[in-house]
There are 2 protein chains.
Amino acid sequence: MARIKDVAKQAGVSVASVSRVLAGHSKVSESIRQRVLGAVHDLSYRPDLAARRLRSRQTDTIGLIVSDIRNPFFTEVSRAVEDVSYQHHLRVILCNTDEDVEKENLYLDLMRDENVSGVILSPTLTTLAGFRARDYPFPMVLVDRCDRDTAADAVILDNVDAGYRLTTHLIDNGYRRNIFFYGTTSATGRQRREGYVAAMAAHGLEAHAEPVRSTATAEHGRAAAYERLRRRPLPDALVASSGLILLGLTEALRESKLRFPDAVALAGFDDLPWTRLVEPGITVISQPLYEIGRAAIELLLQRIAKPDQAVRRVVLRGELIERGSTAKRNGSAGVSVAA
Amino acid sequence: MARIKDVAKQAGVSVASVSRVLAGHSKVSESIRQRVLGAVHDLSYRPDLAARRLRSRQTDTIGLIVSDIRNPFFTEVSRAVEDVSYQHHLRVILCNTDEDVEKENLYLDLMRDENVSGVILSPTLTTLAGFRARDYPFPMVLVDRCDRDTAADAVILDNVDAGYRLTTHLIDNGYRRNIFFYGTTSATGRQRREGYVAAMAAHGLEAHAEPVRSTATAEHGRAAAYERLRRRPLPDALVASSGLILLGLTEALRESKLRFPDAVALAGFDDLPWTRLVEPGITVISQPLYEIGRAAIELLLQRIAKPDQAVRRVVLRGELIERGSTAKRNGSAGVSVAA
DNA sequence: TCGAAAATTGTAATCGTTTACATATTTTTT
DNA sequence: AAAAAATATGTAAACGATTACAATTTTCGA
């Protein structure tokens, strides 16, 4: 393995010159540049990153900490993060927390130990409470989850608005007894529920929000919905606060032999491929997933460049995609379909 | 920030002793151990990873190089890899190649520069040709893609067998004019096609395999299928060589207003949640995705421990999950439904 | 043409660990 | 009880870059 001193010797210059040529930021005469580049090529020299990092205190590495990469939301976000990171010659360390605060803290400690350039975090509820990016020794951007008063750069959906619009759409189409299944492990579910509650109240309807313990798996959503669907009267509509819960609700309806929208309507979040394929299509709020990830990494890059600039927030608006699962009821509004 | 020398001073011992206590492998008297641990705690000392790596030449980092993390196959595999890595105190660097050999090479170079402990790679066709793990300066395990004569540890499905069984199932159920849509960008699609061709031949049927350029997106599968579905006579069944292509085929059928299995049957790979939900359910070969990822990282850990042991291969068997999309035809076998 | 300022290049210190080796201590063997 | 072996601890030399500073050369104004 060639070292910088070998390159220097081969090129007949000092190691400092080699370093300067490779760094590219300071002035070096063209003749030295050529000789160094030649030597680098001849010896197939590649700088040792560990040494470089020790001395320069820079790692060109970012951490991506999410609850579960299998959640389609994070899958897409992570892809965007990796894309932009690649373009900027940054490596991405992937971390799954499973909504476990301890695991999350271990990973945040790791980020400090790794001396990463920055972190993109989707925090647990516990960590989000009183969260201040300043408390950490590295730049950090939140994604998907963030409260109004959180002191950190963040990229989120306008969740309250989205919940409100989705619910209003249901009410407008004649569904009144709507049940909202929301994940309790993240701020997102709660905010969307808030919008749901507001929309129901605005129409003088009683809100029924069902907490779903884990957002990480569709199974909990399925179980909760299945339980509810055994009781009578049946609700008019089931609403999910996330793509995974929506999957669970869909499974529960299937399992209960209930067709939507005839027996019970269905709506939720995230325009995943299958929501279009399941007949007659499921109405959803579509989030610009890739955009969210891209905005997050770009916010992070800006924060890295200017550590002291004011906190910024990107709030994106979800798009309501109407499909058959919430088709307009032909009966008069307010009439329940239940036996 | 406390350094190891600060800890040494505080504990009244040498830096070597501090290092030894923290490393834990060599003998240290209990009294020194206690004092060091106390000092470490008092100063909240955390060792500098860059320095440690420079000196020890170990990074405790692995690289995961896949074509696209959004491909559900890799999503699940990566989750398993991350899980096991976490348990072994290893970090995971995530890399997407988009089947681009240049990008793949850049990432493989990066792995060398990072001096990673090992790499899990899902190689492009180009890289797989004549691939030898020995040619790389780090341990490496292949996943999903591997030829019979590839000189590398690998975890794969028995693709030929899976293609054969899936096709045989169709034939047994009365579908004879079966078209196989396979991804050309990976070895996997070709191997599954091989099984398909063999099964067709075994029943004296003519094989019709349609190459789909990119496996990374369902869109290509949709386009290819849509094109075919406009021609007459219609095929008896459409078969996809991957989960993403299957998604595309399903969309094409929907778009063409063709119901399965009545108009055209449908089958493919990967038991993804939606294959169960799309009525009347899609027949698939299920791969043990998480298991594949776990086997890969475990093979890698073993390879890291014993760099010179013989090449090993884990070949898993896919499970045929029969659903409505390939329901037995009631007419006599061989009769086409086409006009 | 000379001297000061600017630009280029080299020397050597430095980043914070691990670890080979030397030294001091304890234990075992005879 | 002395010699030998084993064990514990410390000292200092790596690891391989970057970069402050010194030294040298070039540029340029008067």
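Every heavy atom of this structure was used, including side-chain atoms; hydrogens, water molecules and symmetry mates were not.
The end-to-end axis angle of the helix from C:dT1-D:dA30 to C:dT30-D:dA1, rounded to 10 degrees and based on five pairs per end, is 30°.
Looking at the side chain of B:Ser29, the nearest of the listed nucleotides D:dA20, D:dA8, D:dG10 is D:dA8. Distances from the side chain of B:Arg20 to the nucleotides D:dA17, D:dT19, D:dG10 place D:dG10 closest.
Between A:Arg79 and A:Asp83, at least one side-chain nitrogen of the basic residue sits less than 4.0 Å from a carboxylate oxygen of the acidic one, meeting the salt-bridge criterion.
For the pair B:Arg55 CZ and D:dG16 P, the computed distance is 9 Å after rounding to whole Å. In this structure, CG of B:Asn115 is placed 10 Å from P of D:dG16, rounded to the nearest angstrom. Straight-line distance from the CD1 atom of B:Ile4 to the P atom of D:dT11: 14 Å, rounded to whole Å. Between A:Arg57 atom CZ and D:dG16 atom P there is a gap of 18 Å when expressed in whole angstrom units. At whole-Å resolution of the value, CG in A:Asp60 and P in D:dT18 are 12 Å apart. Atom CZ of B:Arg35 is separated from atom P of D:dA8 by 15 Å (rounded to the nearest Å). Per the geometry, CG belonging to A:Asp6 stands 11 Å off P belonging to D:dC15, to the nearest Å. Put simply, CE on A:Met1 is 9 Å from P on D:dA17, counting in whole angstrom units.
Counting only N and O atoms by type, the side chains of A:Thr59 and A:Arg53 include no donor and acceptor under 3.5 Å apart.
Considering A:Thr97, A:Thr126, A:Thr124, A:Asn96 in turn, A:Thr124 is the only one that fulfils the side-chain hydrogen bond (donor to acceptor under 3.5 Å, both in side chains) rule with A:Glu104.
Mapping heavy-atom proximity under 4.0 Å, the span of DNA chain C touched by chain A runs 5' to 3' from C:dT8 to C:dG16.
Between the A:Thr188 side chain and the A:Asp144 main chain, a donor and an acceptor come within less than 3.5 Å of each other.
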For residues 30-37 of chain B, which side-chain donor-acceptor pairs fall under 3.5 Å, sequence neighbours excluded?
residue	atom	partner	partner atom	Å
B:Glu30	OE2	B:Gln34	NE2	2.6
B:Arg35	NH1	B:Ala11	O	3.2

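Relative orientation of the A:Tyr86 and B:Tyr107 rings is tilted, given thresholds of 30° and 60° on the angle between their planes.
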